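Just so you know, ligand 1 is whichever comes first in the structure, and atom 1 is the first atom listed for that ligand. Not measured: the values here are computed from a predicted model. All heavy atoms count here, side chains included; hydrogens, waters and symmetry mates do not.
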Amino acid sequence: MRKRVKKRREVGSRGKMELEAKQKQKQHPRLILHNFLSDDQCKELEFIHKSNSTVGYRPNVFSTTLSHLIATNSPHLLLPFVPIRETLKDKVEDFFDCQFDLFIEFTGLISWTRGASIGWHSDDNRPYLKQRDFTAVCYLNSYGRDFKGGLFHFKDGEPTTIEPLAGDVAIYTADSSNIHSVDEITDGERLTLTLWFSRDASHDEDAKLVSLLSQSLSHYNEPGPCLPLPASSNMYWFSPGQSSYQQFGFDICWARLHVLGFDVYYDQDISCDLDFSDLLMKPLRLARGNELFDQEFVNILHALQVVQYYCWKASILQTSKFQIDTGKVVELSQSQMEKINRLNPVFSKDNQLAETVLNCMTCESGQHFLDWANFASSVSLWRDYASKLHEELVRSLPFWRTHQSIFEVQFNGA
Ligand SMILES: O=C(O)CCC(=O)C(=O)O
Ligand SMILES: [Fe+2]
């Protein structure tokens with residue numbers, strides 16, 4: 001165990017308030033921080049989740065873990081988590097007066113959609129969860145605006161109820177002094193960044209992540225940004241209830257494109273006996289209504305990352321003066337439209353279910369609006385964004401490997 005070297009801190013008015021809260025809450029040790037994350041940090045994590053999530057561990061729940069980002073060739077997307085993880089760990093260690101460094105046991109983006117809920121529980125309530133000592137839940141979107149239902153409750157002590165608000169964080173011990181529940185989500189998608197902390201070094205997430213990153217190290221040195229590589233198709237298949245795989249339900253990558261008004265178009269003929277996992281890897285183009293965006297994406301995850309990047313940056317792009325390149329959009333022919341319609345049922349057995357589960361409350365009004373010129377510019381802006389993070393990853397990784405720990409590396413003159 002590493003002895004914790006206490007950092008010197010100024011106890012300003014914010015620090016004083018935290019101390020008072022600490023004394024009042026000895027029985028139910030917990031801390032609520034407001035505006036811990038900026039709006040743009042929340043939006044960036046939302047972009048990562050909506051373009052990389054898999055079906056989760058509970059019904060109607062989706063998750064994006066850091067090891068999954070590495071496994072799908074998007075390790076550079078770990079970078080936005082790094083400063084947040086570090087600051088949160090400091091907050092938890094300070095608030096709970098930890099004498100030794102804690103370990104981050106798990107970091108994940110978790111979204112709950114219509115029908116998801118959890119009753120009274122503590123976060124260490126299973127034998128295999130006993131290593132969890134503290135929880136931090138960062139809210140990345142807001143109650144009422146982005147989803148309905150989904151209020152958080154503590155069984156005892158104050159506050160009794162938390163209305164999730166983008167940027168706020170709830171921190172509490174994972175034991176039975178903080179029994180809590182979450183109301184059922186009735187509309188939209190409720191998104192959090194959830195971390196668990198442990199005193200037990202054998203549950204250190206960083207060591208596992210550094211080892212995974214090291215295994216693919218030679219690969220990262222290749223030029224250009226990392227292009228995403230889909231995981232096995234069952235990780236993206238949403239099945240209602242206990243129904244069997246791919247007879248009911250839908251593919252969530254396709255569904256996330258569909259709720260934003262996009263279709264996927266495959267140039268080559270897709271044979272009926274093609275394995276669904278192979279289909280996710282095939283190059284494709286995006287269509288909308290009777291228009292085809294005439295640029296190939298290497299696979300469905302690549303297309304989804306660019307679309308979600310566009311959604312994240314749409315408000316900024318609206319005001320920029322990008323050159324309109326109408327050459328990139330062509331009219332779909334009748335046979336191309338038929339091809340799209342023939343393939344859609346492979347991705348979704350139930351479009352209405354897909355729309356109910358993954359509907360976006362704030363997108364509804366603007367769903368049918370898309371500026372192709374801005375979209376075209378976000379294809380290259382996405383590449384610049386990914387390349388920059390990738391460079392940072394390649395520069396940081398040697399330090400992470402030396403220290404077996406993931407932290408923000410400060411480069412002189414950078
Ligand atoms: O998302 C939340 O507010 C809490 C979720 C929770 O209780 C859990 O994942 O254990
Ligand atoms: Fe919990």
Side-chain angles (χ1 to χ4, degrees), residues 25 28-37 41-42 45-46 48-50 53-68 81 84-85 88 91-92 96 104-198 203 205 357 361:
Q25 298 190 340
H28 306 290
R30 62 185 67 146
L31 171 70
I32 315 299
L33 298 173
H34 299 286
N35 301 313
F36 172 75
L37 296 178
Q41 282 176 309
C42 294
L45 296 176
E46 180 181 27
I48 293 175
H49 183 67
K50 291 195 169 174
S53 67
T54 63
V55 293
Y57 54 101
R58 296 165 63 83
N60 300 9
V61 168
F62 301 89
S63 73
T64 307
T65 62
L66 301 189
S67 56
H68 178 76
F81 293 86
I84 302 173
R85 286 167 99 244
L88 263 182
K91 287 272 178 212
V92 173
F96 294 105
I104 297 174
E105 186 245 7
F106 173 88
T107 307
L109 296 167
I110 303 178
S111 71
W112 301 43
T113 59
R114 197 189 284 231
S117 69
I118 188 164
W120 295 124
H121 69 283
S122 64
D123 286 352
D124 68 352
N125 67 351
R126 296 274 183 280
Y128 58 88
L129 301 178
K130 281 292 167 217
Q131 72 280 1
R132 291 184 176 173
D133 292 303
F134 306 102
T135 308
V137 180
C138 308
Y139 295 106
L140 301 181
N141 62 9
S142 299
Y143 170 79
R145 184 190 64 184
D146 303 293
F147 59 88
K148 293 184 185 150
L151 291 177
F152 176 102
H153 306 284
F154 281 116
K155 194 157 184 248
D156 304 296
E158 296 291 327
T160 50
T161 296
I162 298 174
E163 262 186 30
L165 195 63
D168 290 358
V169 191
I171 295 172
Y172 46 92
T173 58
D175 62 4
S176 57
S177 54
N178 277 306
I179 306 271
H180 57 280
S181 67
V182 178
D183 291 347
E184 183 174 324
I185 314 303
T186 54
D187 198 5
E189 184 170 3
R190 175 191 192 270
L191 178 61
T192 63
L193 167 66
T194 300
L195 281 87
W196 279 287
F197 300 88
S198 177
H203 290 276
E205 185 183 46
V357 173
M361 280 173 55

Please determine whether any non-hydrogen atom of Thr194 lies less than 4.0 Å from an atom of ligand 1.
no
Distance col, row Asp168:CG vs Cys42:SG, nearest 0.5 angstrom, shows 9.0 Å
Going by distance alone, is a donor N or O of one side chain under 3.5 Å from an acceptor N or O of the other, for [X] and [Y]?
X      : Y      : value
Glu189 : Ser111 : yes
Asn178 : Thr173 : yes
Ser181 : His153 : no

Pull out every atom of ligand 1 sitting under 4.0 Å from any heavy atom of Thr192, numbered as shown with elements.
1 (O)
Ligand-side contact atoms (ligand 1) for residue partner Arg190, heavy atom cut-off under 4.0 Å
1 (O), 2 (C), 3 (O)
Sequence neighbours excluded, which residues qualify as side chain to side chain donor-acceptor pair (under 3.5 Å) partners of Glu205?
Arg85, Thr107
Can you name the residues that form a side chain to side chain donor-acceptor pair (under 3.5 Å) with Tyr172, not counting sequence neighbours?
His180
Report the member of Arg132, Arg58, His121, His153 with the shortest heavy-atom distance to atom 8 (C) of ligand 1.
His121
How does Ile110 reach ligand 1, by side chain, by backbone, by both or by neither, if only non-hydrogen atoms under 4.0 Å count?
neither
Ignoring water, what protein N, O or S atoms are under 2.8 Å from the Fe ion (ligand 2)?
His121 NE2, Asp123 OD1, His180 NE2
Looking only at distance, does [X] have an N or O less than 3.5 Å from an N or O of ligand 1?
X      : result
Trp196 : no
Asp123 : yes
Tyr172 : no

List in chain and number order the residues that pass ring-ring contact (aromatic ring centres under 6.0 Å, His included) with Trp112, two or more places apart in sequence or in another chain; answer none if no residue qualifies.
none
Does a side-chain heavy-atom distance below 4.5 Å link Val169 with Lys91?
no
